[in-house]
Amino acid sequence: QVQLVESGGGLVQPGGSLRLSCAASGSIFSINAMGWYRQAPGKQRELVATITRAGITNYADSVKGRFTISRDNAKNTVYLQMNSLKPEDTAVYYCNSEVRQTFYSSRDHYWGQGTQVTVSS
C-alpha cells in the first residue's frame, strides 16, 4: 500500500504565501513523477505542477512564475511553494505520485486526501 499525506493548507490573504508538503510512504520501489492538482467546487480537477525525479518541472499557465514545485527524493516528499496567491487559487489541492511498488510493478498513480487552500481578504 502507498499513502500520501499532505499538509500546509489553510486560509491566507491575497498576495500571501503557503507551502504545501506531501510525503509518500508504504511499499515504494521508486517514484517517477510527482505533482500537485487542484479542484474548485463545481470544476474538474486540474493540473497545477509536476516534477520528475530528475527535477524537470511543468506548470499550469495560471500559476507559472508564482508557484514552485520541488522534491526531496530521499524523503519521498514533494513541495509546492505558493507565492502571490490570488482568490482564484482557492481550491482543494491534491498530491499525486507515480509509484512503482516493486521492480516488476507498473507505475500507478496515488492520490493524497487533499488539503484546502482558501485565499480571501
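Just so you know, these numbers use all the heavy atoms, side chains as well, and skip hydrogens, waters and symmetry mates. Each residue takes its place number in the sequence, starting with 1.
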Roughly how far apart are Cys22 SG and Arg71 CZ, rounded to 0.5 Å?
-> 11.0 Å
Would Tyr79 and Ile51 show up in the same hydrophobic cluster when neighbours are defined by side-chain heavy atoms closer than 4.5 Å?
-> no
Residues Val78 and Cys95: closest non-hydrogen pair is CG1-SG, 3.7 Å
Just wondering, do Thr57 and Thr50 contact through their side chains at under 4.5 Å, heavy atoms?
-> no
Roughly how far, to the nearest 0.5 Å, is CD of Gln3 from OG of Ser25?
-> 5.0 Å
Determine yes or no for a side-chain-to-main-chain donor-acceptor pair under 3.5 angstrom, with Gln81 supplying the side chain and Ile69 the backbone.
-> no
Linking I/L/V/M/F/W/Y whenever their side-chain heavy atoms sit closer than 4.5 Å, directly or via other members, would Ile56 and Tyr59 fall into one cluster?
-> no
Would you call Asp61-Lys64 a salt bridge at under 4.0 Å N-O?
-> yes
Between Ala24 and Ile31, which heavy-atom pair has the shortest distance, and what is it?
-> CB-CD1, 4.0 Å
Could you check if a side-chain atom of Asp89 sits within less than 4.5 angstrom of a side-chain atom of Met82, using non-hydrogen atoms only?
-> no
Do side-chain atoms of Asn32 reach the backbone of Val99 as a donor and acceptor pair under 3.5 angstrom?
-> no
Minimum heavy-atom separation for Asn76 to Met34, with atom names?
-> O-CE, 3.9 Å
Would you say the side-chain atoms of Gln13 pair up with the backbone N or O of Ser120, donor to acceptor, closer than 3.5 Å?
-> no
Is there a donor in the side chain of Asn96 and an acceptor in the side chain of Glu98, or the other way round, less than 3.5 Å apart?
-> no
Could you state whether Leu85 and Val92 fall into the same hydrophobic cluster, counting links through intermediate Ile, Leu, Val, Met, Phe, Trp or Tyr residues with side-chain heavy atoms under 4.5 angstrom apart?
-> no
Does the Thr102 side chain pair with the main chain of Tyr104, one donor and one acceptor, at a distance under 3.5 Å?
-> yes
Calculate, to the nearest 0.5 Å, the distance between atoms OG1 and CG belonging to Thr115 and Leu80 respectively.
-> 11.0 Å
Do you know the tightest heavy-atom contact between Ser121 and Pro14?
-> N-CD, 3.6 Å
Should Val117 and Leu20 be marked as a side-chain contact (heavy atoms from CB on, under 4.5 Å) after you check the CA-CA gap, both sets of side-chain angles, and the distance that decides it?
-> CA-CA 9 Å; Val117 172; Leu20 306 183; 4.1 Å; yes
Gln44, CD atom: more than 12 neighbouring heavy atoms under 6.0 Å | no
Which heavy atom in Arg38 sits nearest to a heavy atom in Ser62, and how many Å separate them?
-> NH2-OG, 3.4 Å
Within 45 degrees of the axis of the six-membered ring of Tyr94 and under 6.0 Å from its centre: does Arg45 put its NZ or CZ there?
-> yes
Checking Gln101 side chain against Ser105 main chain: does a donor-acceptor pair fall under 3.5 Å?
-> no
Presence of salt bridge, Asp108 and Arg100, under 4.0 angstrom = no
Hey, mind stepping through Trp111 and Tyr37 against ring pair (Phe, Tyr, Trp, His ring centres under 6.0 Å) and telling me if it holds?
-> CA-CA 10 Å; Trp111 293 93; Tyr37 296 72; 5.1 Å; yes
List the steps, then state whether side-chain contact (heavy atoms from CB on, under 4.5 Å) holds for Glu88 with Val119.
-> CA-CA 8 Å; Glu88 49 263 45; Val119 184; over 6 Å; no
Leu4 versus Gln113, closest heavy-atom pair with distance | O-OE1, 3.4 Å
Is there a side-chain contact between Ser84 and Lys86 (heavy atoms, below 4.5 Å)?
-> no
Can you find a side-chain donor-acceptor pair between Tyr110 and Gln1 that sits under 3.5 Å?
-> no
Between Asp72 and Thr77, a side-chain donor and acceptor under 3.5 Å | no
